[in-house]
Protein chains: 2
Amino acid sequence: MRKSETPEPEAAARSVTIQDVARRAGVSTATVSRAIALPERVTEATRAAVFSAIRETGYTPNAAARSLRAKSTKMVLVLLPGIGNSFFTPVLNALEEVFTEGGYGVLIGYTRQSRSRETHYARVIRAGQVDGVLVVTGNVPRDEEFVSVPDTVPVSLMFSEIPGTPQFSVFDVDNRGASAEAVRYLISQGHRRIAHIPGAEGGLEASERLGGYCDALREAGLPIDQALIWRGASNFDFASGERAARDYFALDEKPTAVFAAADEIALGFMRALKNRGVGIPSDVSVIGFDDTEYAVHYDPALTTMRQPRNEMGRLAATDLLRRMATGRDGTVPTLKVRLACELVVRESVRAVE
Amino acid sequence: MRKSETPEPEAAARSVTIQDVARRAGVSTATVSRAIALPERVTEATRAAVFSAIRETGYTPNAAARSLRAKSTKMVLVLLPGIGNSFFTPVLNALEEVFTEGGYGVLIGYTRQSRSRETHYARVIRAGQVDGVLVVTGNVPRDEEFVSVPDTVPVSLMFSEIPGTPQFSVFDVDNRGASAEAVRYLISQGHRRIAHIPGAEGGLEASERLGGYCDALREAGLPIDQALIWRGASNFDFASGERAARDYFALDEKPTAVFAAADEIALGFMRALKNRGVGIPSDVSVIGFDDTEYAVHYDPALTTMRQPRNEMGRLAATDLLRRMATGRDGTVPTLKVRLACELVVRESVRAVE
DNA sequence: ATGAAAGCGCTAACAG
DNA sequence: CTGTTAGCGCTTTCAT
């Protein structure tokens, strides 16, 4: 291990630059740069000399200098809402994998539904710190600055579109249609009195899912009863489901089935009911939305509409990669991809009559 | 909205630089730089002129140029193992919050227990792309290059230390002691025949927890029976718990209680038992480790040893912030912080006899 | 095929 | 208090 690897004893702190490599290889810095970027454009001998100099010095190109010159940072910003549920874990996993493979680093940002945070990240983008942005959230970044950015940096949206923004690629599902399908399934199992626990108001996903619920009811000639729509969810979380349970218990004429706008809501609701001795699905059937990790492991295993989160992540990342590669000339068209959801039948719904 | 915000029609693509601001404000670039960094060092009038020029032009300092000059990127790298469970969600949440507040961006990297990935991230560090590194994982990055980096960039470890690396700060829990405490609790409830489902072999955490299990048994004068140690976990995941259930059913003389090395393992195990009609805790008591989000919502709610993940994240981030602030002179001592776990009694353990 | 030189956008001496 | 100047480390013409 004891080699001539320490250039000069006194030059302790300074890190090794392309200059050091050039000197050592007996060539110019331009040649070193070329040997790395365009190996076929230098002599075999030169290349060898350069690479051994690189190895000997332990040289790694400085990212900031490269970015400054190239006007590209090889980083993307992934914006998440930052609510602490696990819905986003597989998404982030897929994104990190594809981006890293494509040579990009992943900078994450949690917007936490806060204006100042959105402004902060808008600044990050304008500072040229990232080459692309992926907004993974049900919450629309309302910041004007934000919507004004994308002419220079490609932006994609996951799960929730922003109406009137053709400059963004979008990867989502048909929330309304899938929700209708979920409710139709309940109806097909003989349920006639079906309640709904919507997500937090204000979000596009929540209102679409509510819309789908109503569609299916209307379609079947069933009445839409406001007493069966248990609003008040603060998020797609357990607590919202537990809160909805109070509405259930307050009701005289109970529904036989419930469509929750998210798995976590469904799980919270089920737990609260079981705690008070209500059997699922013997007394009430429950269907969720998302198919998160815990849906299958819960008891009873949750019947739900699966959103292909991993696939959506892979597609969104691949598209962004493609758009970033083609400069910012906007020659690459944006994509609006709507994936299919899939009904996953497990144990939480039973047929009645 | 139609204002003079478009500087020159032809200067479309080029982004606004400090030069543009200086010209507009009628000062030098140095003054602009100062007005931003050291506002108190310029005249009131100058400051006003500069800031209105900034506003008018929509200027945002270029991150790459700043990093190149300042030799600091204001970014940290958070390395995660990348297994798809939700254990890390709150950790990442805490980290992002503290780092963002401290003015740092968070670059994430999933090592996925892959050598090449570790090498990749070692390169990111050496490229000066980050000012600090947080290794959040039970898996030790074995890469030599990795261990050789930290003289230049502060590195901290969470959940699992690397023996012989005083240059890293460490934030973990006493896995062995906490596990012993969990098993002691089982013993205090009258259990004498207690099984253990260890985590994946090779990890320090898994072996420590197994050690704690043995400690508590020995302490109580109970035999350590290899037939009650159900090895074969591949990770801290559901599947490992389900696999352990097979060992349970294969056994003639069943244990009355089980200590699982992680909540997810416990949940997978419980689910498998319940599926075959085994009651929890009526037939078997189960205790977990971690207190992840789902432990409390499961039925029965899981009794477990809580790791203060959020607090650990906050402390680790704060320490790294502090170490990054003090240059790389290494004058700031590293910390070895061992936090206390807490037994959370819920419904999955019952007293026997 | 290689080298010289310019310059990306910014900050930090150093003068004035 | 403000301007001039140099230069961070790299890539990229433009010559040779």
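Residue numbering restarts at 1 for every chain, and letters A, B, ... go by the order of the sequence lines.
- With sequence neighbours excluded, the residues forming a side chain to side chain donor-acceptor pair (under 3.5 Å) with Arg112(A) are Asn93(B), Glu96(B), listed by chain and number.
- Contact check for Leu320(A) versus Pro154(A): side-chain heavy atoms found under the 4.5 Å cut-off.
- Under the side chain to side chain donor-acceptor pair (under 3.5 Å) criterion, Ser52(A) pairs with no residue at all, not counting sequence neighbours.
- Computed from C1' positions of five pairs at each end, the angle between the two local axes of the helix from dA1(C)-dT16(D) to dG16(C)-dC1(D) equals 40°, rounded to 10 degrees.
- Put simply, CD1 on Ile54(A) is 10 Å from P on dC10(D), counting in whole angstrom units.
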Going 5' to 3' through nucleotides 11-16 of chain D and flagging B where a protein heavy-atom sits under 4.0 Å of the base, S where only the sugar-phosphate is that close, and - otherwise, we get BBB---

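- Side-chain contact between Leu95(A) and Val106(A) is absent, with no heavy atoms from C-beta onward closer than 4.5 Å.
- When heavy atoms are screened at a 4.0 angstrom cut-off, Thr46(B) is found touching the sugar-phosphate backbone but no base atom.
- Within the structure, side chain to side chain donor-acceptor pair (under 3.5 Å) pairs that include any residue of residues 25-42 of chain A comprise Ser28(A)-Thr31(A) (at least two apart or interchain).
- Taking Thr46(B) as the reference, Thr43(B) meet the side chain to side chain donor-acceptor pair (under 3.5 Å) condition, with sequence neighbours excluded.
- Atom CZ of Arg23(A) and atom P of dA4(C) are 13 Å apart (whole Å).
- Remark: P of dC8(D) and CG of Asp20(A) are 11 Å apart, rounded to the nearest angstrom.
- Gln19(B) has its CD atom 13 Å from the C1' atom of dG3(D), to the nearest Å.
- Distances were taken from every side-chain heavy atom of Ser28(A) (C-beta onward) to each of dG9(C), dG3(C), dC10(D); the shortest belongs to dG3(C).
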